[in-house]
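Input: a single structure, listed below in structure tokens.
In what follows, chains are A, B, ... by sequence order, proteins preceding strands, each numbered from 1.
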Amino acid sequence: MKFVEKMKCLFHYYPKNASFSSFFNSFTTHQLTTLTAFPQDPQILLITLCSNGQLKEALIEMAAQGLEMKFEGYDMLLNACIKRRAFREGQRVHAHMIKSRYLPPLYLRNRLIIFYGKCDRLRDARNVLDEMPEKNVVSWTAMISAYSQRGSASQALDLFVQMLRSVTEPNEFTFATVLSSCTGTFGFELGRQIHSLIIKRTLDTHIFVGSSLLDMYAKAGRIHEAREVFESLPERDVVSCTAIISGYAQLGLDAEALELFRRLNLEGMTSNYVTNASVLTALSGLAALDLGKQVHNHVLRCNLPFCVVLQNSLIDMYSKCGNLIYSRRVFDSMPERTVISWNAMLVGYSKHGMGREVVELYELMRNENKIKPDSVTVLGVLSGCSHGGMEDVGLKIFDEMVNGKDGVEPDIEHYGCIVDLLGRAGRVEEAFEFIKKMPFEPTAALWGSLLGACRVHSNIDVGEFVGRRLLEIEPENAGNYVILSNLYASAGRWEDVRMVRDLMMKKAVKKDPGRSWIELDQTLHSFHASDRSHPRRQEVFAKLKELSIKLKEAGYVPDLSCVLHDVDEEQKERILLGHSEKLALTFGLISTSDRTPLRVIKNLRICVDCHNFAKFVSKIYLREVCLRDKNRFHHISKGICSCGDYW
DNA sequence: GTAGGGTTAG
């Protein structure tokens, strides 16, 4: 009894504006259990019930206490509801306050905002804020945070601006929160102004504010500014390090992300699952399978919590490194999956041209009926049907989507998949009609996909129309000129071939430099066209010469139409032989033992000649070649490619 | 009491 008396005394003197829950959390479970064994002060009973997680009983007690309910009781109840995200229960507590005409102090109103925010009830949270006779920095920040975490960036920014006009000054919590909503053109402009404000208050080296700031710059594509903020931080922690690594990775600066990850590890950075998920994104981009496996091992060894996000990253990494068996193994082992897990697996099959597996998995997803498909799901399925030669299934799924069966709103990308699908199947005219009837303005990418189909199926009428249209709306894209010129060449229209080439020279079209690479023993060997920088370049070029002769004897004919430079044939052949994917492939041949499969990655689409070259290599040297280009995987074996020569 | 980084697609 002594203990109970002592506690009652403590309650009495406990400061009224302080959190009661924190006071009570300092008691051990044993002490709390002891308490329940004694005749109760109603207030103590309520507190004990909340601490034991007996929310239902606590609500009954609240009803019984009626007008006697006090600050401490409400505080405990709300605290329990926030912890458990118990919306209905919390709502009853709020209703009880109103019914008893209890006027909650500022602190409790703030707790209500936090409670509603965590339960996704933004409208309710906002009502509490709007009805407050006075607000402090916590009230504003809690509401801004609620908006920002629910993805309502513009509302978060609006409220922040409103706060600046009020008497309350933002603090480091507010800045760290609001910066995470500074995305898009407008958000970024405001973010810059906030940055100046932060500098004025010498808050720019605050670790929370700083990481939020650097993340904002990175997401706006300003990686140098992000790096500057990162370097100016007086101390670093796992979040700021992860923010900068993921900044690089998300911009496709995979090598830089990896480099930084390695350096920070050497400096003693502790990584967590977010860091590892981010570095896996970079490794996916690089197709660095050995390094990816290393991260996987590391995660297992360190007993990092194996959360869905990390597993999703692993699925994606293995699939982008060409190892779908491993992807599926991770997928199958997951106790819980999100829509992203399904999407990553579906997109994996799709990029490998495995249409049947895509459709099977999609059916499994729908039969399980646990996770709802989203826009990316359908995109993966449609493109999987297209790449996997399952036109009818794809069209059926698209129809269902348009009729609202999936609950997914079709957008221009989905229409693009159908254009691709029809074009691939040789139904070029139909694809053309489909575009004309779309409820969207066709994009350059969409016309581009139709132009590709026109070339493969030699449809000069549609192709000429589409090609000229494309040169108008996207004159800087070299790829369009190449395809149109190929199309004219296939029809023997040499005048037009010359015209397209001249036009291309005149418009000074810059082409993305092609790059290919191959991973050997955890090292990436990268090549660009006619690259002479690799330490083993002489061996590579010697082998390439040998290959050229050997392959020609076997029937390989260089496709000179892939070279648009106005040079003689001999030189064209030399240019063609210097393509980066041929260099990487040749390097793989001389650096690995017989029959080892070769995995080559190219940053752009593979050219027709290199594709053909790889097919001959696979046949003559009995090698399996797995080639990842910008669009998809090519599994080449015994002279045959999984893409069916259409990509 | 309020705070920063993450996974698919493009």
Within the pair [X] and [N], is there a side-chain N or O less than 4.0 Å away from OP1 or OP2?
X: A:S246; N: B:dG6; answer: yes
X: A:Q250; N: B:dT7; answer: yes
X: A:T177; N: B:dT2; answer: no
X: A:K83; N: B:dG1; answer: no
X: A:K219; N: B:dG6; answer: yes

Among [options], the one nearest [X] by side-chain distance:
X: A:V309; options: B:dA3, B:dG1, B:dT7; value: B:dT7
X: A:E413; options: B:dG10, B:dT7, B:dG5; value: B:dG10
X: A:N136; options: B:dG4, B:dG1, B:dT8; value: B:dG1
X: A:V239; options: B:dA3, B:dT7, B:dG4; value: B:dG4
X: A:S313; options: B:dG4, B:dT7, B:dT2; value: B:dT7
X: A:V138; options: B:dT2, B:dA9, B:dG4; value: B:dT2
X: A:A243; options: B:dG5, B:dT2, B:dG4; value: B:dG5

Assign the ring pair [X] / [Y] to parallel, tilted or perpendicular, where the plane angle (0 to 90°) is split at 30° and 60°.
X: A:Y326; Y: A:Y318; value: perpendicular
X: A:Y415; Y: A:F398; value: perpendicular
X: A:Y74; Y: A:Y102; value: tilted

Counting only non-hydrogen atoms, which of residues 267-279 of chain A are less than 4.0 Å from DNA chain B? A:N272, A:Y273, A:V274, A:T275, A:S278
Among residues 342-349 of chain A, which residues get a heavy atom nearer than 4.0 Å to DNA chain B? A:N343, A:V347
How many whole angstroms separate atom [atom1] of [X] from atom [atom2] of [N]?
X: A:D237; N: B:dA3; atom1: CG; atom2: C1'; value: 12 Å
X: A:I207; N: B:dA3; atom1: CD1; atom2: P; value: 17 Å
X: A:F173; N: B:dG1; atom1: CZ; atom2: C1'; value: 9 Å
X: A:H414; N: B:dA9; atom1: NE2; atom2: P; value: 14 Å
X: A:F208; N: B:dA3; atom1: CZ; atom2: C1'; value: 6 Å
X: A:F331; N: B:dT8; atom1: CZ; atom2: C1'; value: 12 Å
X: A:K630; N: B:dA9; atom1: NZ; atom2: P; value: 14 Å
X: A:Y116; N: B:dT2; atom1: OH; atom2: C1'; value: 18 Å

Which is true for [X] with a 4.0 Å heavy-atom rule: it touches a base, it touches only sugar-phosphate, or it touches nothing?
X: A:V137; result: base
X: A:N110; result: base
X: A:L203; result: nothing
X: A:V339; result: nothing

Could you check whether A:R337 makes a cation-pi contact with A:W342, meaning its NZ or CZ is under 6.0 Å from the centre of the six-membered ring and within 45° of the ring axis? yes
I'd like to know if A:S212 reaches the base of B:dG4 with its side chain, counting only an N/O donor and acceptor under 3.5 Å. no
Under 3.5 Å, is there a donor-acceptor pair linking the side chains of A:E474 and A:N477? yes
Tested for side chain to side chain contact (heavy atoms under 4.5 Å, CB included) against A:L129, the lone hit among A:D124, A:N110, A:I113 is A:I113
Report yes or no: does A:S240 contribute a side-chain atom to a donor-acceptor pair with the main-chain N or O of A:R236 at less than 3.5 Å? no
May I ask you to check whether A:F188 and A:Y217 place their ring centers less than 6.0 Å from one another? yes
In this structure, is the centre-to-centre distance between the rings of A:Y116 and A:H94 below 6.0 Å? yes
Determine whether A:K320 and A:I315 make a side-chain contact, defined as any pair of heavy atoms from C-beta on separated by less than 4.5 Å. no
Residues 152-175 of chain A vs salt bridge (Lys or Arg N to Asp or Glu O under 4.0 Å), sequence neighbours excluded, gives A:E169-A:R201
